[in-house]
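Since the structure comes first, as structure tokens, the remarks are kept for the end.
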Amino acid sequence: MSVPSPVQIKEANAHLAAVHRRVSQLERRLAAAENTVREQAESLIRKDEQLRAATQEITEAKDREITFLHEKLCSSEETIQKFQCIIKEKDGLILQLRHRSQILNNICKSRPLLDSMLSYIAEAERLGSVAGGGDTVMSMSITDGLAHSNCSSNRLVNHKDFSLSEDDIDEQDLDETMFGTTV
């Protein structure tokens, strides 16, 4: 092997120095890049932790709100059920009151007939019984009165809308004893 010339050695040294500078420069850039990547990774890890905490917080808030809304929905459904039961009761009461109102209207419409019958009964009581065919005369007088009022005696007895309560039945027993009729 031959010994290199001083110019070649100088050139080789210059080339080695340039390579060394380039390697040093690349190592600094690599270290800087590694620092940047490390800082970015740490920043991403912190942001990831922050996002996970925020996501967890949002999830917990959502779950609390869902629970609250579910309880509110159940409460509202119970209230609706109560109101529907109340409405059913009120509708039943309205039907009963409507029927009673109809009965009272029918009673009011029949009032002149009842007044007329009471006056005939009072007249019959004043007359008393007549020996012989008195019952026939009295029943004919009542029948004539009913004919004048365009009513039949069957309508009074079999009136389907007229019903007596227990109080009315008790009062009816008292009325029969007060009038003292046997008709």
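Being a predicted model, the structure only gives us computed values, none of them experimental.
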Apart from L69 itself, what residues make up its hydrophobic cluster, given side-chain heavy atom links below 4.5 Å?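 The other cluster members (ILVMFWY side chains, heavy atoms under 4.5 Å, direct or chained) are F68.
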Not counting sequence neighbours, which residues clear side-chain hydrogen bond (donor to acceptor under 3.5 Å, both in side chains) with [X]? List them please.
{"X": "H70", "value": "none"}
{"X": "D63", "value": "none"}
{"X": "R64", "value": "none"}
{"X": "N13", "value": "none"}

Under a 4.5 Å cut-off applied to non-hydrogen side-chain atoms, are [X] and [Y] in contact?
{"X": "Q96", "Y": "L93", "answer": "yes"}
{"X": "H15", "Y": "E11", "answer": "no"}
{"X": "L26", "Y": "R22", "answer": "yes"}

Whether the side chain of [X] engages the backbone of [Y] through a donor-acceptor N/O pair (distance < 3.5 Å, no angle test) should be reported.
{"X": "S43", "Y": "E39", "answer": "no"}
{"X": "T36", "Y": "A32", "answer": "yes"}
{"X": "Q8", "Y": "S5", "answer": "yes"}

Output the distance between atom [atom1] ([X]) and atom [atom2] ([Y]), rounded to the nearest 0.5 Å.
{"X": "L113", "Y": "R111", "atom1": "CG", "atom2": "CZ", "result": "12.0 Å"}
{"X": "I80", "Y": "I87", "atom1": "CD1", "atom2": "CD1", "result": "10.0 Å"}
{"X": "L95", "Y": "H99", "atom1": "CG", "atom2": "NE2", "result": "10.5 Å"}
{"X": "L104", "Y": "L97", "atom1": "CG", "atom2": "CG", "result": "10.0 Å"}
{"X": "K72", "Y": "T67", "atom1": "NZ", "atom2": "OG1", "result": "14.5 Å"}
{"X": "E27", "Y": "E34", "atom1": "CD", "atom2": "CD", "result": "10.0 Å"}

The test is side chain to side chain contact (heavy atoms under 4.5 Å, CB included); show your working for Q84 and K88 and say whether it passes. CA-CA 6 Å; Q84 285 178 339; K88 276 186 175 179; 5.9 Å; no
Distance-only donor-acceptor hits, side chain of residues 44-59, under 3.5 Å, sequence neighbours excluded:
{"unit_1": "D48", "atom_1": "OD2", "unit_2": "R52", "atom_2": "NE", "d": "3.2"}
{"unit_1": "D48", "atom_1": "OD2", "unit_2": "R52", "atom_2": "NH2", "d": "3.4"}
{"unit_1": "T55", "atom_1": "OG1", "unit_2": "L51", "atom_2": "O", "d": "2.6"}
{"unit_1": "Q56", "atom_1": "NE2", "unit_2": "E60", "atom_2": "OE2", "d": "3.1"}
{"unit_1": "T59", "atom_1": "OG1", "unit_2": "T55", "atom_2": "O", "d": "2.7"}

